[in-house]
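In what follows, residues are counted from 1 in the order of the sequence shown. None of the values given here were measured: they were computed from a predicted structure.
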Amino acid sequence: MANARSTRLVWYGLLAATSGVLILAMLPPTLPAPLQAVVREGFAPVCHQLPGRSPHFGGVPVALCDRCSGIYVGLVVGVLGTGWGTNLWVVLGAYGRYVLLGALVPLGLDWGGPLLQGSS
């Protein structure tokens, strides 16, 4: 019983951490200009933040580009899926590994597409 409770607490902690980082990255359009700069500077080491490739709300870009925003949303969805989707993994059984491998296909296409395009 205690093990299930500690596992659930870890899951809540991961969910809070990943959701918090995503929310923080989306906050700049709602913040005053000096705080926008602080948040963007915090995310600058992990994202190029080009305005033309970033989602805008109210004409103000968020602290992440489209690709990084998708990665952070995927982290939150992944944590949600591991906590609430435990029955899903039981149903999938041995096929769960193929679902995980299939999830790598978009990443592989994103990585391999420019390589294939550049070689022609």
Separation between CD1 (Ile71) and CG (Asp66), nearest 0.5 Å, reads 11.5 Å

dist Thr30:OG1 -> Ile23:CD1 (nearest 0.5 Å) comes out at 11.0 Å

I'd like to know if the side chain of [X] and the backbone of [Y] have a donor-acceptor N/O pair within less than 3.5 Å.
| X | Y | value |
| --- | --- | --- |
| Gln49 | Ser54 | no |
| Ser19 | Ala16 | no |
| Arg67 | Arg53 | no |

Same cluster or not: [X] versus [Y], using hydrophobic residues (I, L, V, M, F, W, Y) connected whenever any side-chain heavy atoms lie under 4.5 Å apart?
| X | Y | value |
| --- | --- | --- |
| Leu24 | Val60 | no |
| Leu22 | Val46 | yes |
| Leu31 | Val38 | no |
| Met26 | Val77 | yes |
| Leu27 | Leu75 | no |

Grab the two heavy atoms, one from [X] and one from [Y], that are nearest each other, plus how far apart they are.
| X | Y | answer |
| --- | --- | --- |
| Leu64 | Ala25 | CD1-CB, 3.5 Å |
| His56 | Pro51 | CE1-O, 2.8 Å |
| Ala103 | Pro106 | O-CD, 3.3 Å |
| Phe43 | Val21 | CZ-O, 3.7 Å |
| Ser69 | Pro55 | OG-CG, 3.9 Å |

Are any of the side-chain heavy atoms of Val76 and Val79 separated by less than 4.5 Å? no

Would you say the side chain of Leu80 lies within less than 4.5 Å of the side chain of Trp11, judging by non-hydrogen atoms?
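Answer yes - side chains close enough.
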
